[in-house]
Every structure is written in structure tokens, then in C-alpha cells.
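Worksheet: one structure, shown below.
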Amino acid sequence: MSHTAGCLCGAVRIIIDAEPIAARMCWCRLCQYLGGGSATVNVGFPSDKMTTSGDVRWHDSVADSGNAMKRGFCPTCGTPLFSLAESRPHLTFIRAGALDDPSLIGPQAVIWTDAAPGWAHHDPDLPHYPAQIPPVP
């Protein structure tokens, strides 16, 4: 089954010919910037099962974990779309809000809870981790 995603203005479209591998809610400081102050929910897919149309701009950064990252967004509307870790090129993480069906998969864990602001709510039904956990295989 294919899944689809895209940006707010429709200039970027994504087709994913695979099921999600994992989903995590992340409270690292970089994700708080990307989420406008909240956590981001990131859904992992095999990179080689994705097709993207439209212009994507990339921002290079180093995550709190020390991983070199590329963050992809729509240059027209600014929608955050992707995260790519240099150490795991076989995986692409798509922001859950960019999925046409954002309920495809919910977060399976909450990471970087030590970086969350005091007002953050953490789902008690999910495992919580103060920082990064082992990467998705």
C-alpha cells in the first residue's frame, strides 16, 4: 500500500511505497524549533521507497545526539517535511503532520524528555526517555 504526504501549499508531494518502520515524539531543542515550541512526531520509512516531487530546501545541523542531520522543508510555505541522519541514510523520517493520513501511526516512544519545557505533557501510556535512544534499525 502506498502512503502520501506533502506540504501545506501542495508544492511538494511525497509517495511512500512502504509501511512505517517506527514513530517517535521528540522533545529535543531542535525539534521544538521545528514544531513551533512543541515536540515533533517523526515517522520513519525506508529511504529507497520514497518518491518526492517539487522543490525541497535542506538545512544542515547537528542534533543534540551529535548526529549530523539534514532537515527538508518546502521553500514556498515553510512546512517541515523530512529529517535525514547522515549515520542512517537508509531511513527518512517524515513529520507526522505532513502525512495525508496523520493517524497512520502514532508515536511509540517519547524521547528527549529532559529537554521538554515544564508545561509539556507526556502520554503516560508511552515509554519516556530523557535523551536519544538506540536508532531504528
Side-chain angles (χ1 to χ4, degrees):
M1 168 181 260
S2 289
H3 302 288
T4 53
C7 64
L8 177 65
C9 71
V12 177
R13 294 299 301 155
I14 305 156
I15 298 172
I16 310 135
D17 289 320
E19 293 302 312
I21 295 170
R24 296 176 178 162
M25 177 178 286
C26 183
W27 278 100
C28 79
R29 192 63 186 111
L30 290 176
C31 280
Q32 290 178 50
Y33 281 109
L34 292 169
S38 63
T40 61
V41 177
N42 308 292
V43 181
F45 294 95
S47 297
D48 64 350
K49 300 295 183 186
M50 298 177 51
T51 305
T52 302
S53 62
D55 185 29
V56 175
R57 290 261 172 85
W58 296 92
H59 174 74
D60 295 336
S61 64
V62 176
D64 291 345
S65 64
N67 287 322
M69 303 291 297
K70 289 185 170 293
R71 316 271 185 186
F73 62 96
C74 173
T76 303
C77 66
T79 301
L81 298 166
F82 303 108
S83 283
L84 303 170
E86 189 176 278
S87 62
R88 294 180 302 281
H90 64 289
L91 293 176
T92 298
F93 283 85
I94 296 180
R95 304 282 177 255
L99 292 167
D100 290 342
D101 178 7
S103 63
L104 175 64
I105 183 173
Q108 299 158 319
V110 182
I111 60 175
W112 289 99
T113 56
D114 279 0
W119 52 259
H121 172 76
H122 303 299
D123 185 335
D125 293 332
L126 295 176
H128 302 109
Y129 301 93
Q132 184 70 5
I133 58 177
V136 174

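Model, not experiment: these values are computed from the prediction. Positions are given from 1, in the same order as the sequence printed here.
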Report the distance from atom [atom1] of [X] to atom [atom2] of [Y], rounding to the nearest 0.5 Å.
X: Ser53; Y: Ile15; atom1: OG; atom2: CD1; result: 7.0 Å
X: Asp17; Y: Thr51; atom1: CG; atom2: OG1; result: 6.0 Å
X: Asp100; Y: Ser2; atom1: CG; atom2: OG; result: 11.5 Å
X: Asp60; Y: Glu86; atom1: CG; atom2: CD; result: 8.5 Å
X: Cys74; Y: Leu81; atom1: SG; atom2: CG; result: 7.0 Å
X: His59; Y: Tyr33; atom1: NE2; atom2: OH; result: 10.5 Å

> Do Ile16 and Leu84 sit in the same hydrophobic cluster, where Ile, Leu, Val, Met, Phe, Trp and Tyr count as joined when their side-chain heavy atoms come under 4.5 Å apart?
Replying inline: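 Both belong to a single hydrophobic cluster.
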>> Taking Phe93 as the starting point, is it possible to reach Met50 by hopping between hydrophobic residues whose side chains are less than 4.5 Å apart?
In response: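 Result: no, two separate clusters.
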>> Working note: Arg88 + Asn67, criterion side-chain contact (heavy atoms from CB on, under 4.5 Å); need CA distance, chi angles, decisive distance, verdict.
In response: CA-CA 10 Å; Arg88 294 180 302 281; Asn67 287 322; 3.7 Å; yes
Heavy-atom closest contact ([X] atom, [Y] atom, distance):
X: His3; Y: Ala18; value: CD2-O, 3.2 Å
X: Gly78; Y: Phe73; value: O-CB, 4.2 Å
X: Gln108; Y: Ala22; value: OE1-CA, 3.2 Å
X: Cys26; Y: Cys31; value: O-CB, 3.6 Å
X: Pro117; Y: Gln32; value: CD-OE1, 3.8 Å
X: Trp119; Y: Gly37; value: CH2-O, 3.5 Å

>> I'd like to check the side-chain contact (heavy atoms from CB on, under 4.5 Å) partners of Val56; sequence neighbours left out, ordered by chain and number.
In response: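 For Val56 the side-chain contact (heavy atoms from CB on, under 4.5 Å) partners, ignoring immediate neighbours, are Val12, Thr52, Trp58, Phe82.
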>> Would Ser83 and Arg71 count as a side-chain hydrogen bond (donor to acceptor under 3.5 Å, both in side chains) here? Give the steps.
In response: CA-CA 5 Å; Ser83 283; Arg71 316 271 185 186; 3.0 Å; yes
> Under 3.5 Å, side chain of Arg13 to main-chain N/O of Ala5, donor-acceptor pair present?
Replying inline: yes
Would you be so kind as to tabulate the donor-acceptor pairs closer than 3.5 Å made by side chains of residues 125-135, with sequence neighbours excluded?
| from | atom 1 | to | atom 2 | distance (Å) |
| --- | --- | --- | --- | --- |
| His128 | ND1 | Leu126 | O | 3.4 |
| His128 | NE2 | Asp123 | O | 2.9 |
| Gln132 | OE1 | Trp112 | NE1 | 3.1 |

> Can you find a heavy atom in the side chain of Leu99 that is under 4.5 Å from one in the side chain of Ile14?
Replying inline: no
>> Filter on side-chain hydrogen bond (donor to acceptor under 3.5 Å, both in side chains), then keep only pairs touching residues 39-50, sequence neighbours left out; what's left?
In response: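 Sorted pair list: Thr40-Asn42, Asn42-Arg95, Ser47-Thr92.
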>> What verdict does the side-chain contact (heavy atoms from CB on, under 4.5 Å) test give for Ile21 and Leu91, after you've listed the backbone C-alpha separation in whole Å, the side-chain angles of each residue and the deciding distance to 0.1 Å?
In response: CA-CA 9 Å; Ile21 295 170; Leu91 293 176; 3.5 Å; yes
